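These numbers were taken from a predicted model, which means no experiment stands behind them.
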Amino acid sequence: MKPSFAIVGCGKVGSALARFLTAAGYRAAGLASKSLSSAQRVAEMIGTKRFSRVNWEVTKSADIVFITTPDGAIGEACRQIAGNNGLRERSIVLHCSGSLSSEILFPAKECGASIGSMHPLQSFVSVEIGSNPFQGIIISVEGEPQAVDAARKIAADLGATFMEIKTEAKTLYHASAVVASNYLVTLLDLAFRLIEPAGVSKTDALKLLKPLIGGTLSNIEKVGIPEALTGPIERGDAEVLERHMAEIASKVPELMTIYKALSLYTIGVARKKGTLSESRAQMLKGVLGK
Ligand SMILES: NC(=O)c1ccc[n+]([C@@H]2O[C@H](COP(=O)([O-])OP(=O)(O)OC[C@H]3O[C@@H](n4cnc5c(N)ncnc54)[C@H](OP(=O)(O)O)[C@@H]3O)[C@@H](O)[C@H]2O)c1
């Protein structure tokens with residue numbers, strides 16, 4: 001028989017977990033949320049009458065407790081549950097934050113629970129659920145052995161791939177996800193602004209640059225980094241860099257700092273590829289004022 005679960009925080013992630021854990025045969029011990037209406041909505045969705053505004057009422061009988069409140073409320077919610085005898089013996093307590101480690105669940109550990117974090121690498125945009133958002137994604141997990149074991153089974157039952165990470169590496173792991181996802185948006189905003197003076201609108205810019213972006217991603221998949229790097233820095237072409245910088249200085253000077261920072265980082269990538277000699281690298285750094 002699959003374990004029972006409680007959800008504390010019936011928002012986007014909590015709703016999806018409730019729905020697809022139930023579909024996978026896990027039994028709902030109860031659902032709690034700050035607003036009763038949120039808990040009730042999820043309870044109706046999965047067909048249970050066990051919902052409450054009081055977190056520790058629903059966690060008491062659960063084998064696995066998911067604290068899926070916003071990150072800032074996880075610690076306090078856990079303290080309250082632990083302080084009100086809201087955990088059964090040898091229960092598992094997990095949260096789903098990407099940036100926080102399991103250590104924030106320490107009050108539950110003091111009550112004898114096994115603690116862990118289970119971060120789905122997915123963007124959940126609504127409490128309205130269509131297809132299974134866990135299907136085929138990575139769920140990264142860290143924490144105590146029993147919690148990690150439980151999360152491994154949950155990931156498999158949700159159709160996701162399990163990946164274990166070190167507790168002390170959690171913050172940098174999350175920084176990596178932010179760079180790969182959020183800063184990709186930032187990088188393309190920068191590209192769009194540089195192409196705008198050429199009379200290309202944002203909509204056209206995406207159409208224009210998309211094949212280039214797709215090709216680069218595909219090259220990274222095929223040959224990896226640094227081999228996928230091309231362009232003036234990889235070729236050691238100082239003149240091109242100088243021309244870029246002169247135009248940026250005259251047309252969009254506010255973008256110079258980020259252009260230089262990205263160029264400097266790229267010199268390091270080109271050195272790793274081996275196509276850029278040390279003397280050429282120094283020349284490019286000189287152009288960048290470093
Ligand atoms: N959204 C994503 O794309 C995503 C992806 C990966 C991981 N995560 C992580 O998943 C967790 C939940 O994120 P989310 O996006 O699902 O947030 P959300 O949609 O804002 O849901 C959070 C829910 O918790 C309830 N809540 C707030 N404080 C509470 C408390 N003290 N006790 C009980 N319930 C409380 C909220 O209030 P009401 O009861 O008023 O509705 C809301 O329903 C976070 O740790 C987040 O970092 C999110």
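Of all the heavy atoms in A24 and D157, the pair that sits closest is CB-O, 3.7 Å. L121 and A177 make their closest contact through CD2-CB, 4.1 Å (heavy atoms, listed as atom of the first residue, atom of the second, distance). In plain terms, the two heavy atoms of L36 and S52 that are nearest each other are CD1-C, 3.7 Å. Heavy-atom minimum distance, S114 versus E144: CA-OE1, 3.2 Å. When all heavy atoms of P232 and H244 are compared, the closest pair comes out as CG-CE1, 4.4 Å. Closest approach of G143 to T167, counting heavy atoms only: N-OG1, 4.0 Å.
Side-chain contact between E247 and S250: present, with at least one pair of heavy atoms (C-beta onward) separated by less than 4.5 Å. Side-chain atoms of Y259 and L241, non-hydrogen and from C-beta on, do get closer than 4.5 Å to each other. A heavy-atom distance below 4.5 Å is not found between the side chains of I154 and F5. At a threshold of 4.5 Å between non-hydrogen side-chain atoms, the residues S97 and H174 do not count as touching. Using a 4.5 Å cut-off on side-chain heavy atoms (C-beta onward), C96 and P120 make contact. At least one side-chain heavy atom of Y183 sits under 4.5 Å from a side-chain heavy atom of V178. Inter-residue side-chain proximity for I46 and L31 is flagged as met; some heavy-atom pair is nearer than 4.5 Å. Contact of the S117 side chain with the L100 side chain is not registered, since no non-hydrogen atoms from C-beta on lie closer than 4.5 Å.
When atom types are taken as modelled, the side chain of R53 and the backbone of K34 share a donor-acceptor pair closer than 3.5 angstrom. Checked by atom type and distance alone, the side chain of T275 pairs as donor or acceptor with a backbone atom of E234 at under 3.5 Å. A donor-acceptor contact shorter than 3.5 Å links the side chain of S4 to the backbone of D63. Remark: the backbone N or O of L212 is paired with a side-chain donor or acceptor of T216 at under 3.5 angstrom. Listed for the N132 side chain is a donor-acceptor partner under 3.5 Å among the backbone atoms of L158. Formation of a donor-acceptor pair under 3.5 Å by the K170 side chain with backbone atoms of E142 is not found in this model. Here the side chain of T69 pairs no donor or acceptor atom with the backbone of G9 at under 3.5 angstrom. At distances below 3.5 Å, at least one donor-acceptor pair connects side-chain atoms of R27 with backbone N or O atoms of K2. Although no hydrogens or angles enter the test, the distance criterion places a donor-acceptor pair under 3.5 Å between the side chain of N84 and the main chain of Q80. The closest donor-acceptor contact from the side chain of R152 to the backbone of V141 lies at 3.5 Å or more, if one exists at all.
Taken to the nearest 0.5 Å, the NZ atom of K290 stands 14.0 Å off from the CG atom of L284. Here I64 contributes atom CD1 and Q146 contributes atom CD; the two are 12.0 Å apart, rounded to the nearest 0.5 Å. Residue D189 holds its CG atom at 10.0 Å from CG of L194, rounded to the nearest 0.5 Å. Taking CD1 of I248 as the start and CD of E254 as the end, the distance is 10.0 Å to the nearest 0.5 Å. Atom CG of L288 and atom CG of L264 lie 6.0 Å apart (nearest 0.5 Å). Note: Q135 CD to F20 CZ = 9.5 Å, rounded to the nearest 0.5 Å.
For K273, the NZ atom counts as densely surrounded, since its 6.0 Å shell holds more than 12 non-hydrogen atoms of other residues, nucleotides or ligands. Heavy atoms of other residues, nucleotides or ligands lying less than 6.0 angstrom from NZ of K60 number more than 12. Environment of CG in L255: crowded, with over 12 heavy atoms of neighbouring residues, nucleotides or ligands closer than 6.0 Å. No more than 12 heavy atoms of other residues, nucleotides or ligands lie within 6.0 Å of CD in E103, so this atom counts as exposed by the packing criterion. Within 6.0 Å of CD on E278 lie more than 12 heavy atoms contributed by other residues, nucleotides or ligands. Under a cut-off of 6.0 angstrom, the local environment of CG in N85 is sparse, with at most 12 non-hydrogen atoms contributed by other residues, nucleotides or ligands. By the neighbour-count criterion of 12 heavy atoms within 6.0 Å, atom CZ of R50 is sparsely surrounded, having that number or fewer from other residues, nucleotides or ligands.
For the pairing with V65, the side chain to side chain contact (heavy atoms under 4.5 Å, CB included) check across V93, I92, I115 returns one residue only, V93. Applying the side chain to side chain contact (heavy atoms under 4.5 Å, CB included) test between I67 and each of L94, I7, L105 identifies L105 as the sole match.
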After noting the C-alpha distance and the side-chain angles of K222 and N219, does the key distance pass the side chain to side chain contact (heavy atoms under 4.5 Å, CB included) rule? CA-CA 5 Å; K222 273 190 221 132; N219 287 341; 4.2 Å; yes
M118/L17 under side chain to side chain contact (heavy atoms under 4.5 Å, CB included): CA gap, chis, key distance, verdict: CA-CA 11 Å; M118 191 189 113; L17 274 174; 4.2 Å; yes
Could you walk me through whether V13 and F66 pass the side chain to side chain contact (heavy atoms under 4.5 Å, CB included) check? CA-CA 10 Å; V13 172; F66 290 93; over 6 Å; no
Stepwise side chain to side chain contact (heavy atoms under 4.5 Å, CB included) check, F162 with V148: CA-CA 10 Å; F162 166 93; V148 170; 3.7 Å; yes
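Salt-bridge formation is not detected for the pair E196/R193: no Lys NZ or Arg NE/NH1/NH2 atom is positioned less than 4.0 Å from an Asp or Glu carboxylate oxygen.
A continuous path of Ile, Leu, Val, Met, Phe, Trp and Tyr side chains, each step under 4.5 Å between heavy atoms, connects I258 with M256, placing both in one hydrophobic cluster. Both I213 and F192 sit in one connected hydrophobic cluster of ILVMFWY residues. Membership requires side-chain heavy atoms under 4.5 Å apart, directly or through other members. A continuous path of Ile, Leu, Val, Met, Phe, Trp and Tyr side chains, each step under 4.5 Å between heavy atoms, connects Y26 with I129, placing both in one hydrophobic cluster. Note on I220 and L188: separate hydrophobic clusters, where clusters join Ile, Leu, Val, Met, Phe, Trp and Tyr whose side-chain heavy atoms are under 4.5 Å apart, directly or indirectly.
Ring geometry for F134 against F124 counts as tilted: the plane angle lies between 30° and 60°, on a 0 to 90° scale.
A donor-acceptor pair shorter than 3.5 Å cannot be found between the side chains of S35 and S37.
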